[in-house]
Peer 1: 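One structure, pasted below without further comment.
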Protein chains: 4
Amino acid sequence: MDAALELFAEKGFSATRMADVAKKAGISKGTLYLYFDNKEAIFRSVVQEMILPQVDQHDAMIANYTGSAESLLRELLHGWWQAVMETKLSAIPKLIISESGNFPEMAEFFVKKVVLRSRQTFIKVIQYGIDKGEFKPCNPITAARLAIAPLVHASIWMHSLKAFDENHSDEDYLELHINLLLQGLSS
Amino acid sequence: MDAALELFAEKGFSATRMADVAKKAGISKGTLYLYFDNKEAIFRSVVQEMILPQVDQHDAMIANYTGSAESLLRELLHGWWQAVMETKLSAIPKLIISESGNFPEMAEFFVKKVVLRSRQTFIKVIQYGIDKGEFKPCNPITAARLAIAPLVHASIWMHSLKAFDENHSDEDYLELHINLLLQGLSS
Amino acid sequence: MDAALELFAEKGFSATRMADVAKKAGISKGTLYLYFDNKEAIFRSVVQEMILPQVDQHDAMIANYTGSAESLLRELLHGWWQAVMETKLSAIPKLIISESGNFPEMAEFFVKKVVLRSRQTFIKVIQYGIDKGEFKPCNPITAARLAIAPLVHASIWMHSLKAFDENHSDEDYLELHINLLLQGLSS
Amino acid sequence: MDAALELFAEKGFSATRMADVAKKAGISKGTLYLYFDNKEAIFRSVVQEMILPQVDQHDAMIANYTGSAESLLRELLHGWWQAVMETKLSAIPKLIISESGNFPEMAEFFVKKVVLRSRQTFIKVIQYGIDKGEFKPCNPITAARLAIAPLVHASIWMHSLKAFDENHSDEDYLELHINLLLQGLSS
DNA sequence: TATGAATGAGCCTTCATTCAT
DNA sequence: GATGAATGAAGGCTCATTCAT
């Protein structure tokens, strides 16, 4: 599945050949079919089995946090970054987005199970900040989308155009995003 | 080329069949080959011939603008949005990103001709704001990336997962981004 | 038809494209279809209309000849050589032979109308020589085949491997063939 | 390769479909591609791998022969006939000649490796006969060409027009050729 | 009469999938 | 369980043929 994730993310589903996956995994083509019914099954497994554990873990992380909205938001963003950008999960967003047209159920699954849940967490924190008076009033849904967008975008970039872009610091990127966001939100 | 852009953006290069392109264009398979050498040639044409005019136009738009950094940045972001999100250009970013692994030269072309040039414009405006004291000191490159990221992300989203996401207002999204960004930057 | 003959002889029927024929003839593809029903019709016309006049003319040449069998045979062979090797007819044998598998009726037509008739002429001359005591007894059919074989072979060679063979004199070839043949036949 | 040789010789390269080759070989289309890169590769293999062993064997046959030039020449011609006409090699000359326009390198390879080497053998024998006084002086190159031409021609005929010609004895043909040639050459 | 843009059947080739070993 | 040779459906591309101009 690691081999498949890497290849799917790099070349897309159609352009990835079973022979390539087998070769990268160090097994024979035939052996793939002992563990997966077909190419689509590999794709589904890759997406589902890599995402689900992560989602649960992420939820747990947030569950019973207390403190200022600012520090919570800061924490959340750092947590997301570490969980995604510094693991092989980083390849998933690009993959899902690229194949959303060919695998709409998978796209839907991803949105429902990952995007919306994750966004919900951010919404809660932002609402909490507004309620507390830390943040000025704004639509917390839109704010949540804007809080996450640069992170997701960074993961997509990392697996697509980063090689052709000049090498910029990801740390700067994350930190400046957090600072701009928090100052933007602060009342 | 419109037909091809739509299908490539939806399904990716490999999964798009020449027969589909022909059908969508209302011509026969053979006719495609009167105008393009092969499938790759269509892809390249789609990307290059749709992007280049836009880039030039965009450059012209910015050229001789004066006023406050804030209003300039506001203008720029609105301009980008209109030029991309409200035209068929909106499909290009997702397409390039999805196929970057299979068409690295095209990815490089896009980064050099579009991404970096566009970013440069934003860098200048931000630097101008910093110099004028409107904006607080920060790395203008990173700030430019963060100014654009939510926009590019919105275009990618629009052509991938938007259908599965609840329907949010794009106007709110843009406006809030601009406001958060400007307040974040302001000294 | 000249254009077609040349191309058919060079590349064969299948590998010759209508576009090539049209181009070589200096007309458009569509115009070809004003004069020929289809590709096969061109092929048939090329073969039939180039061969038939020649056959008749050749027959006439022999009709009422008198003299020694040797001089007659010599005459015949020279006549064949001039009529075939020094005109565009030279391409026909290679073409017919190459396409005999795909156009058996044409092959049969050629054998009946050309090969057998031509051979018959040689048979008569050889039989005449045997009867006169100039030539020693032998099977005149086989002898006729052997008299012609090197000539036909030369025409085939000319349109196939000659370019890769060292350049040998065709005149020497013809003269030595005639001399060897006549001394071989002479009693 | 046997299936391919037969079909190529019968229909030519272009007109032979991979499906036909596969069917005749009793395998599937796809399997062909496990053993050959493409159609051309089959063609090249057929020609090269069938010819080379034969050439070496033929050379060996001649190497250390002694005796009269006449009996040697007789031997050579019989040897050639058996090696070519009575094996599937007989299809090669027609094939090479038919495709010489489309595969010039292959034609050149054939001329260099087969035609010229074979001719050289005949040249030596004829020169030997001339030197010994058995044969009268003549150009041994041309004589060699004339010695071989009827044989090659017979192989071409066999795979093209023979079916439409009346059935003549090949033995008579060979024997008469040898006799005419030897009497023609003899001083 | 001449053109050449348009068509679509047909063929080469690829690759997901199967299965005997 | 693991293999890889074999399969054949599918798709890119060519080119003989048509037809509106």
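Every chain is numbered from 1 and lettered A, B, ... according to where its sequence line falls, protein lines coming before strand lines. Predicted, not measured: the structure shown is a model, and the values here were computed from it.
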Peer 1: By side chain to side chain contact (heavy atoms under 4.5 Å, CB included), which residues pair with B:Leu34, not counting sequence neighbours?
Peer 2: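 Checked B:Leu34 against side chain to side chain contact (heavy atoms under 4.5 Å, CB included); matches are B:Thr31.
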
Peer 1: Can you name the residues that form a side chain to side chain contact (heavy atoms under 4.5 Å, CB included) with A:Val114, not counting sequence neighbours?
Peer 2: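 By the side chain to side chain contact (heavy atoms under 4.5 Å, CB included) rule, A:Val114 matches A:Ile51, A:Val55, A:Phe110.
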
Peer 1: Not counting sequence neighbours, which residues clear side-chain hydrogen bond (donor to acceptor under 3.5 Å, both in side chains) with D:Glu10? List them please.
Peer 2: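 None.
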
Peer 1: Please tell me whether B:Ser160 and A:Ser100 have a donor and an acceptor in their side chains that are separated by less than 3.5 angstrom.
Peer 2: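 Checked: B:Ser160/A:Ser100 side chains show no N/O donor-acceptor pair below 3.5 Å.
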
Peer 1: For DNA chain E, find the residues of residues 14-27 of chain B with a heavy-atom distance under 4.0 Å and give them by number; none if there aren't any.
Peer 2: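 Here the set is B:Ile27.
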
Peer 1: As a check on the pairing definition, encode DNA chain F in dot-bracket form, counting Watson-Crick and G-U wobble pairs whose two distances are under 3.5 Å, and using | for partners outside this strand.
Peer 2: .||||||||||||||||||||

Peer 1: My understanding is that only residues two or more places apart in sequence, or in another chain, count here; which of them pass side-chain hydrogen bond (donor to acceptor under 3.5 Å, both in side chains) with D:Asn102?
Peer 2: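 Result, side-chain hydrogen bond (donor to acceptor under 3.5 Å, both in side chains) vs D:Asn102: D:Glu99.
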
Peer 1: Give the first and the last nucleotide of DNA chain E, reading 5' to 3', that has any atom under 4.0 Å from a heavy atom of chain C.
Peer 2: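 The protein-touched segment is E:dT1 to E:dA6.
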
Peer 1: Quick one: is F:dA2 close enough that its OP1 or OP2 comes under 4.0 Å of any side-chain N or O from A:Ser28?
Peer 2: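 Result: no.
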
Peer 1: Which residues within residues 33-50 of chain C lie with some heavy atom under 4.0 Å of an atom in DNA chain F?
Peer 2: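 Close to the strand are C:Tyr33, C:Asn38, C:Lys39.
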
Peer 1: Using the ring-ring contact (aromatic ring centres under 6.0 Å, His included) criterion, which residues pair with A:Phe8? Sequence neighbours excluded.
Peer 2: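 Result, ring-ring contact (aromatic ring centres under 6.0 Å, His included) vs A:Phe8: A:Phe13, A:Phe43.
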
Peer 1: For the CG atom of B:Leu7 and the CD1 atom of B:Ile42, what is their distance to the nearest 0.5 Å?
Peer 2: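 Answer for the CG-CD1 pair, B:Leu7 versus B:Ile42, is 10.5 Å.
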
Peer 1: With salt bridge (charged side-chain N to carboxylate O under 4.0 Å, His left out) as the rule and sequence neighbours excluded, what pairs involving residues 22-31 of chain C come up?
Peer 2: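 Applying salt bridge (charged side-chain N to carboxylate O under 4.0 Å, His left out) to every pair that reaches into residues 22-31 of chain C, excluding sequence neighbours, yields C:Glu6-C:Lys24.
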
Peer 1: Quick test of your reading of the model: are C:Arg17 and C:Asp20 salt-bridged, counting only N-O distances below 4.0 Å?
Peer 2: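 Yes.
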
Peer 1: Between B:Phe13 and D:Gly30, which residue's closest nucleotide on DNA chain F lies nearer the 5′ terminus?
Peer 2: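 The 5'-side residue here is D:Gly30.
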
Peer 1: How long is the straight-line distance from CZ of B:Phe103 back to CD1 of B:Ile96, given to the nearest 0.5 Å?
Peer 2: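 Answer rounded to 0.5 Å: 10.5 Å.
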
Peer 1: Hey, does the side chain of D:Ser90 reach the backbone of D:Ser155 with a donor-acceptor pair shorter than 3.5 angstrom?
Peer 2: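 Not confirmed, D:Ser90 side chain does not pair with D:Ser155 backbone.
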
Peer 1: Which of residues 2-12 of chain C have a heavy atom under 4.0 Å from DNA chain F?
Peer 2: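 Of all residues in residues 2-12 of chain C, none places a heavy atom under 4.0 Å from DNA chain F.
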
Peer 1: Applying salt bridge (charged side-chain N to carboxylate O under 4.0 Å, His left out), which residue pairs with at least one partner in residues 36-49 of chain B are found, sequence neighbours left out?
Peer 2: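 Residue pairs with at least one partner in residues 36-49 of chain B: B:Glu40-B:Arg44, B:Arg44-B:Glu105.
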
Peer 1: Looking only at heavy atoms, what is the nearest atom pair of D:Lys88 and D:Leu5, with distance?
Peer 2: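 Heavy atoms only, the tightest pair is O-CD2, 3.6 Å.
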
